[in-house]
Student: 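Let me give you the structure first, and then I'll get to my questions.
Just so you know, these numbers come straight off a predicted model, no measurement behind them.
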Amino acid sequence: MNNIFSDISYINKDGIRQYNIMINGCWRCVMSNNTFEVRNPANNELIGIVPNCDIGDVNYAIESAKTAPNLKTFNYIKRLEIMENAKKLLLENAHYLAEIITKESGKPLSISEGEVEATAERLRLTMQEINVLNGEYLSGELVSDTQNKFAIVIRKPVGIVATITPFNYPLFIAAAKIIPAILAGNTVIAKPASDTPLSLIHFVRILEMAGMPKGTINIITGRGSHLGDTIVENKDIDAISFTGSTNVGENIVKKAGLKKLHLELGGKAAAIVLADCDIDNAAKTICKGTFRNSGQRCDAVSRILIEKSIKDKFIEKVLIEAQKYKIGDPMDKETQIGTVINEKALWHIDGLVKDALQKGATLLKGGNYKGLFYEPTILSNVTTDMRIAWEEIFGPVMPIIEVNDYNQAIEISNKSEYGLDSCIFTENINFAIKISKMLEDGSVTINSTPAHGVGHFPFGGNKKSGIGREGLQYSIDELTKLHTIIFTEK
Ligand code: NAP
């Protein structure tokens, strides 16, 4: 066990590692005696036991965030220093953290290593992010009733931010919410997904060691279905930054009342493949866009809308490319496809594939699973009466839908209830611009597949894909409030 993490867990009487969580600067102050198990999806090994917090623990965390030493006097330089320290600690422990991510999520080690690097990158770029807080000067001269006035508009912290995060990037997604929340001067209560709580427990330890004052960062572990409403409805919480499914996001909207909401929800990215595209590039990048992290990404390509004239050629190339995706032990550096997260996810994926096959789709590859390892799967002759044309898959499945022309592709793409990402493959840049403006998604990528990455470009959803935008200099916007000070010249 690595030094800085040595006292966040212990080996219990059954020989299992039991984790503590931090509330109010204390790693052993959880009131609930209940726990839940965290298992490795690749081999079902029990890798940790974690507190199953009760409502008293949630309220204690909220109280702690409320009464913490006021972060408003915790100045920019100090906050930046903490981020710098956290980056160093993260990088010193990068391999250990990547292994934790892989063990709890079943994703290949190479992807977990990338996730740790992306988190370090996010910590490195905080100088750029914090600039948003500098505010702006507005002259009043443009309008007659403000002729003799000017204003400065500054950003203030909202107060307490609750972050609620999913399983698929358990370190990065949580960090990308917590970092801007702290930079802005908020206090934080962080709730990880119950399948993958260990990465965030370790990250909270890193932030503590980096210098976060007592009570400013707190973590709560336990089922969202049990604790969610207590967090969301609490009047002392000022903002909810949530990434997860649309169902849960809609429930948050119903219950949160007048809080700031930043919701990153489901997606159903279409890849529009036009006859004039570079077909080798399309086949290669679409495989990556579909299969990476077993398709468990909100930005995963999950329907290919392809013009008839190049469909056969595309299928030929994509089948060759898909052979390169090695499925196997996630701890093996050569593995590209690990497991999906749990049985519920597996059954959902398999249900969508079976529905498509029953309604006439053709299975070109895959369609099988062993344990929680779902094979990269390619389906052609997919039609719009099949569930897989509309529902989020969150699995390594590529449904190919033939279209007559770009108009039909745009119509099908926009008919989705989601509006997060889409992409277009064409060599005609003017045409690409024209189509990209007609698509209703938060981001449209040209000649590559969507990849939110570190968040250098802002991303976020329209329609049922969410409210607000994530990204460097954008997330911080969601977690602050504008404060205008107007000066009158005499
Ligand atoms: P999920 O089931 O919605 O869970 C997300 C988080 O919400 C977990 O921490 C979960 O806790 C918690 N939760 C569950 N019920 C809740 C409730 N009633 N109130 C408050 N919180 C509750 O999503 P997931 O399966 O982990 O993640 C996959 C989804 O996330 C997909 O739909 C994907 O598209 C979306 N996603 C979106 C983005 C984006 O940027 N737009 C990025 C990544 C993922 P428990 O684990 O304890 O249930």
Side-chain angles (χ1 to χ4, degrees), residues 62 65-84 122-163 176-189 212-213 216 232 234-242 252-253 256-264 419 437 440 442-443 455-463 466-490:
I62 295 170
K66 199 172 153 188
T67 55
N70 198 336
L71 265 187
K72 287 171 207 156
T73 57
F74 187 50
N75 64 33
Y76 280 25
I77 293 179
K78 187 73 190 150
R79 290 181 220 155
L80 285 170
E81 268 172 24
I82 288 178
M83 296 303 155
E84 179 61 25
R122 190 69 193 232
L123 287 162
R124 183 178 73 77
L125 293 167
T126 45
M127 192 68 202
Q128 189 180 334
E129 190 152 26
I130 207 166
N131 272 337
V132 176
L133 299 179
N134 286 336
E136 58 185 335
Y137 163 86
L138 293 178
S139 163
E141 283 178 38
L142 202 62
V143 176
S144 58
D145 67 351
T146 52
Q147 277 293 322
N148 63 336
K149 294 179 179 163
F150 68 91
I152 55 170
V153 184
I154 58 172
R155 291 194 166 271
K156 285 181 156 189
V158 288
I160 303 179
V161 174
T163 67
K177 293 177 180 303
I178 294 169
I179 293 165
I182 293 170
L183 282 179
N186 299 293
T187 56
V188 176
I189 295 160
M212 285 296 288
T216 50
V232 170
N234 191 290
K235 292 195 169 40
D236 286 326
I237 290 183
D238 302 284
I240 311 271
S241 182
F242 171 79
I252 291 175
V253 170
L258 289 175
K259 292 181 174 61
K260 260 202 145 189
L261 294 182
H262 182 198
L263 308 175
E264 294 292 338
K437 286 184 178 169
E440 294 172 356
S443 317
H456 184 52
F457 302 135
F459 65 89
N462 301 326
K463 302 192 277 187
I467 305 172
R469 292 294 179 266
E470 285 262 7
L472 275 171
Q473 304 183 68
Y474 294 90
S475 301
I476 203 164
D477 232 24
E478 311 284 346
L479 304 173
T480 47
K481 53 191 176 195
L482 289 183
H483 189 76
T484 309
I485 305 171
I486 300 155
F487 295 81
T488 309
E489 294 172 37
K490 281 198 174 161

Student: From Lys156 NZ over to Leu482 CG, what is the distance, rounded to the nearest 0.5 angstrom?
Tutor: 11.5 Å

Student: May I ask you to test the Leu261-Glu478 pair for a side-chain heavy-atom distance under 4.5 Å?
Tutor: no

Student: Would you please name every residue forming a side chain to side chain donor-acceptor pair (under 3.5 Å) with Arg155, sequence neighbours left out?
Tutor: Asp477, Thr480

Student: Table please: side-chain donor-acceptor pairs of residues 483-490 below 3.5 Å, with sequence neighbours left out.
Tutor:
none

Student: For the residue pair Met212 and Val188, establish whether any side-chain heavy-atom pair is separated by less than 4.5 Å.
Tutor: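 With C-beta onward as the side chain, the pair stays apart.
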
Student: A side-chain contact here means heavy atoms from C-beta on lying under 4.5 Å apart; do Ile82 and Ile182 qualify?
Tutor: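 Result no, sub-4.5 Å side-chain heavy-atom pair not found.
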
Student: For Tyr76, is the OH atom crowded, meaning more than 12 foreign heavy atoms sit under 6.0 Å from it?
Tutor: yes

Student: Measure the shortest side-chain to side-chain distance between Pro213 and Phe74 over non-hydrogen atoms and say whether it is less than 4.5 angstrom.
Tutor: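 Pro213 reaches Phe74 side chain to side chain.
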
Student: Going by the rule side chain to side chain donor-acceptor pair (under 3.5 Å), which residues pair with Asn462 if we only count those two or more places apart in sequence or in a different chain?
Tutor: Arg469

Student: What distance do Met83 atom CE and Leu183 atom CG have between them, rounded to the nearest 0.5 Å?
Tutor: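 These two atoms lie 4.5 Å from each other.
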
Student: Surrounding CD of Gln128 (heavy atoms of other residues, nucleotides or ligands, distance under 6.0 Å), is the total greater than 12?
Tutor: yes

Student: Could you check if a side-chain atom of Met127 sits within less than 4.5 angstrom of a side-chain atom of Leu80, using non-hydrogen atoms only?
Tutor: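 The answer is yes; the side chains approach within 4.5 Å.
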
Student: Quickly, which of Ile160, Val161, Ile237 forms a side-chain contact (heavy atoms from CB on, under 4.5 Å) with Lys259? Name it, please.
Tutor: Ile237

Student: If we ignore hydrogens and angles and just use 3.5 Å, is the side chain of Asn186 paired with the main-chain N or O of Gly159 as donor and acceptor?
Tutor: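 Yes.
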
Student: What pair of heavy atoms forms the shortest contact from Leu123 to Thr126, and how long is it?
Tutor: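 Taking every non-hydrogen atom into account, O-OG1, 2.9 Å.
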
Student: Checking Thr163 against Lys177: is there a side-chain donor and acceptor pair closer than 3.5 Å?
Tutor: no

Student: Measuring from Leu125:CG to Asn131:CG, what's the distance to the nearest 0.5 Å?
Tutor: 11.5 Å

Student: Between Pro157 and Ala184, which heavy-atom pair has the shortest distance, and what is it?
Tutor: CB-O, 3.3 Å

Student: A quick test of your reading: do over 12 heavy atoms of other residues, nucleotides or ligands sit less than 6.0 Å from NZ of Lys463?
Tutor: yes

Student: Identify the heavy atoms of Arg122 and Ser475 that sit nearest to each other, and give their distance.
Tutor: NH2-OG, 3.7 Å

Student: I'd like to know if the side chain of Gln473 and the backbone of Glu129 have a donor-acceptor N/O pair within less than 3.5 Å.
Tutor: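 Looks like no, no N/O pair under 3.5 Å.
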
